[in-house]
Protein chains: 2
Amino acid sequence: MKYQKIPEATIRRLSRYSRCLEEMEESGEEVVSSAQLASRCMVNAAQVRKDLAYFGEFGIRGVGYHVKNLLNDIKRILGSNKEWRMAVIGVGNLGSALLSYKDFLKQNYKIVASFDIDPPKVIGRVSEKLGKPVEIFHVNRLKEIAKERKIEIGLITTPPSEAQSVADLLVEAGVRGILNFAPTQIVVPEGFVVKDVFFTTILDNLAYLLSNN
Amino acid sequence: MKYQKIPEATIRRLSRYSRCLEEMEESGEEVVSSAQLASRCMVNAAQVRKDLAYFGEFGIRGVGYHVKNLLNDIKRILGSNKEWRMAVIGVGNLGSALLSYKDFLKQNYKIVASFDIDPPKVIGRVSEKLGKPVEIFHVNRLKEIAKERKIEIGLITTPPSEAQSVADLLVEAGVRGILNFAPTQIVVPEGFVVKDVFFTTILDNLAYLLSNN
DNA sequence: TCAATTTTGTGACTCCTTTCACAAAACTTG
DNA sequence: CAAGTTTTGTGAAAGGAGTCACAAAATTGA
Ligand SMILES: NC(=O)c1ccc[n+]([C@@H]2O[C@H](COP(=O)([O-])OP(=O)(O)OC[C@H]3O[C@@H](n4cnc5c(N)ncnc54)[C@H](O)[C@@H]3O)[C@@H](O)[C@H]2O)c1
Ligand SMILES: NC(=O)c1ccc[n+]([C@@H]2O[C@H](COP(=O)([O-])OP(=O)(O)OC[C@H]3O[C@@H](n4cnc5c(N)ncnc54)[C@H](O)[C@@H]3O)[C@@H](O)[C@H]2O)c1
């Protein structure tokens, strides 16, 4: 198979497959066909095979895929086999929730520091309930701490008005990945990546579907 | 323009345009061209025009679009001009954050009740800081309260293991829209709509882009 | 060993989305 | 009021993504 640009949608589906395969692995299934995986993920079986074909041959004809192997391969493709070191900037309602989100850890996403600008918050630790407390630093130490702790992804949970300036700090600190929860457009230089999570955009979608069906 | 199926991507972009137009309206801009709106939303100008063309003619040739009018039209198209009544099910870390999310209100999404299964939580009110406290009911009253308060959208923030059974309750109560934050596939009957918000899927995406660029 | 069965990997086809390019419409200015 | 300018709305072209269909590969069983 010759090289092709990989569709963004393929990457999203790989993540879905990954989640399904994890469930299958837990429940002891060893082998899975593209048809089984597809029906579980609500996609077409040819789609599953094509998605995988972008990256190589992982199956055995007449048999299917080894759950464990395929899971490993997909994680390697996605880059989610390594541990990713993250920071939360803005420890308010949402930021605190993220700090105690167990699934991140399970999926190799580790929050190793957090930052705020509000002095009362910058005194101690949070997320004690997980056993692994995460320190809160003043945001003016972001660059220093980001380098020290090798932070690769920043989660922006400040008010929207502060989001761009926080992003600038992250860029300056060499944090190449940003997950932005503040409902505003953020601009970063070439080589950096921003993904937005806009709750109201998704609600708008839902509202449209509810209004027109 | 004859009828066509409207792409999902168009709806997502309309929501983006809507957000931009709101900012423009606030800053007093009265007229905007497709090119200006496009560059603000990081899309192609023809795309903006084509997206709008699905629904009618909103611009004035040689001039552009009236910000206020276009915003109203887009909101009407999306169905986000009316107030949507929502409930949060699972008042834990994330559920509590959602209860105090100001942007929902600003965008006509109103949380009018919340539910949990944990007796200590089902005693009073939360989100006092917004002035408008939201009551927490025991989840076994969901059907009753949903009807009484005309809830149209349910936000699922329970553990994944409970998500499907909560969805079943919502379906039974006639709540047609579900925004699911629990990282698990939910199945609902025809006529109901589920949108998932999987944080780790988005992180997987980010991880892929960071690993391969 | 060989035919029957299963299921992958992939070229070809179809469908959908985006971009281009330009006529038509409205405004501006001399 | 007419020529010039701007910007929309849209058909046509290009580009991507999803599905189909089948040869190739592996397994099973007689
Ligand atoms: N609450 C939610 O459920 C929710 C949902 C989706 C999106 N969001 C978005 O996430 C962001 C945070 O929401 P929230 O409800 O947690 O708000 P919040 O006010 O509770 O938290 C914001 C935090 O950011 C801190 N902060 C402000 N400026 C800062 C800066 N320059 N550097 C570092 N920290 C700074 C504040 O001190 C505060 O602790 C907002 O942009 C909001 O729109 C929130
Ligand atoms: N914490 C986060 O930042 C975050 C981010 C993304 C997704 N999520 C997902 O959101 C969900 C909630 O996460 P959380 O961190 O808030 O967990 P949590 O444990 O703090 O909250 C879960 C809440 O649900 C309640 N609950 C349990 N079963 C219930 C039922 N049958 N009916 C009603 N309520 C019930 C619990 O009592 C608890 O209050 C999980 O599925 C999680 O994976 C959380």
Side-chain angles (χ1 to χ4, degrees), chain A residues 1-17 20-21 24 29-74 77 205 208-209, chain B residues 1-17 20-21 24 29-74 77 205 208-209:
Chain A
M1 169 127 206
K2 62 176 183 295
Y3 178 80
Q4 281 185 257
K5 197 193 158 295
I6 287 118
E8 170 119 356
T10 290
I11 301 302
R12 264 199 302 278
R13 280 190 299 268
L14 286 181
S15 178
R16 296 254 283 291
Y17 305 156
C20 276
L21 289 166
M24 291 178 178
E29 294 165 71
E30 300 204 334
V31 171
V32 66
S33 71
S34 60
Q36 290 172 298
L37 186 55
S39 87
R40 207 103 166 213
C41 296
M42 316 272 262
V43 299
N44 180 294
Q47 183 80 78
V48 170
R49 298 199 294 276
K50 185 135 269 191
D51 283 338
L52 294 173
Y54 284 112
F55 303 96
E57 304 196 3
F58 304 100
I60 306 160
R61 298 184 184 207
V63 180
Y65 303 86
H66 274 285
V67 171
K68 237 188 179 93
N69 295 352
L70 186 57
L71 182 56
N72 279 337
D73 288 328
I74 290 181
I77 292 163
N205 240 284
Y208 173 78
L209 293 171
Chain B
M1 169 127 205
K2 63 174 184 295
Y3 178 79
Q4 281 185 257
K5 199 194 157 294
I6 287 120
E8 170 118 356
T10 290
I11 301 302
R12 264 199 303 278
R13 280 190 301 266
L14 285 181
S15 179
R16 295 253 284 291
Y17 305 156
C20 276
L21 289 166
M24 290 177 179
E29 295 163 71
E30 300 204 334
V31 171
V32 66
S33 71
S34 60
Q36 290 173 298
L37 186 55
S39 87
R40 211 99 168 211
C41 296
M42 317 272 261
V43 298
N44 180 295
Q47 183 81 78
V48 170
R49 298 198 296 274
K50 187 132 266 192
D51 283 338
L52 295 173
Y54 284 111
F55 303 96
E57 304 196 2
F58 304 100
I60 306 159
R61 297 185 187 209
V63 180
Y65 303 86
H66 275 285
V67 171
K68 238 188 179 89
N69 294 352
L70 185 58
L71 182 56
N72 279 337
D73 288 328
I74 291 181
I77 292 163
N205 240 282
Y208 173 77
L209 293 171

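This one's a predicted model, so the numbers in the text were calculated from it and none came from an experiment. Naming: A, B, ... by sequence-line order, numbering from 1 per chain.
Here salt bridge (Lys or Arg N to Asp or Glu O under 4.0 Å) pairs that include residues 56-66 of chain B, with residues two or more places apart or in two chains, number zero.
Considering only side-chain N and O atoms, A/Tyr54 lies nowhere under 4.0 angstrom from the phosphate OP1 or OP2 of D/dA17. For the OP1/OP2 pair of C/dT8 and a distance below 4.0 Å, the side-chain nitrogens and oxygens of A/Ser34 include at least one atom meeting the criterion. Using a 4.0 Å cut-off, no side-chain N or O of A/Ser33 falls inside it from OP1 or OP2 of C/dT7.
Regarding A/Asp51, its CG atom lies at a distance of 10 Å from the C1' atom of D/dA17, rounded to whole Å. For A/Glu57 and D/dA23, the CD to P distance is 18 Å, given to the nearest whole Å. Rounded to an integer number of Å, the gap from B/Arg13 CZ to C/dC16 C1' is 12 Å. Taking atom NE2 of B/His66 as the reference point, atom C1' of D/dT7 lies 14 Å away to the nearest angstrom. The CG-C1' distance, from A/Leu70 to C/dG9, rounds to 14 Å in whole Å. Between the C1' atom of D/dA17 and the CD atom of A/Gln47 lies a distance of 7 Å, rounded to the nearest Å.
Defined by atom type and a distance below 3.5 Å, a donor-acceptor pair is missing between the side-chain atoms of B/Asp73 and B/Tyr65.
Between A/Glu8 and B/Asn205 the shortest side-chain heavy-atom distance falls below 4.5 Å. Taking the side chain as every heavy atom from C-beta outward, A/Tyr17 and A/Asp51 approach each other to under 4.5 Å. The side-chain heavy atoms of B/Leu52 and B/Leu70, taken from C-beta on, include a pair separated by under 4.5 Å.
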Pairs under 3.5 Å (N/O, protein and nucleotides 20-22 of chain D):
| residue | atom | partner | partner atom | Å |
| --- | --- | --- | --- | --- |
| D/dC20 | OP2 | A/Asn44 | ND2 | 3.3 |
| D/dA21 | N6 | A/Arg49 | NH2 | 3.3 |

For nucleotides 25-30 of chain D, give me every protein contact, N/O to N/O, under 3.5 Å, one pair per line with atom names.
| residue | atom | partner | partner atom | Å |
| --- | --- | --- | --- | --- |
| D/dA26 | O4' | A/Arg61 | O | 3.3 |

Worksheet item: Run the side-chain contact (heavy atoms from CB on, under 4.5 Å) check on B/Ile60 and B/His66 step by step: do they pass?
Response: CA-CA 9 Å; B/Ile60 306 159; B/His66 275 285; 3.9 Å; yes
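Summary of the strand contacts: B/Gly56 and A/Thr10 both lie near DNA chain D, and taking for each the nucleotide with the nearest heavy atom, the more 5' one is attributed to B/Gly56.
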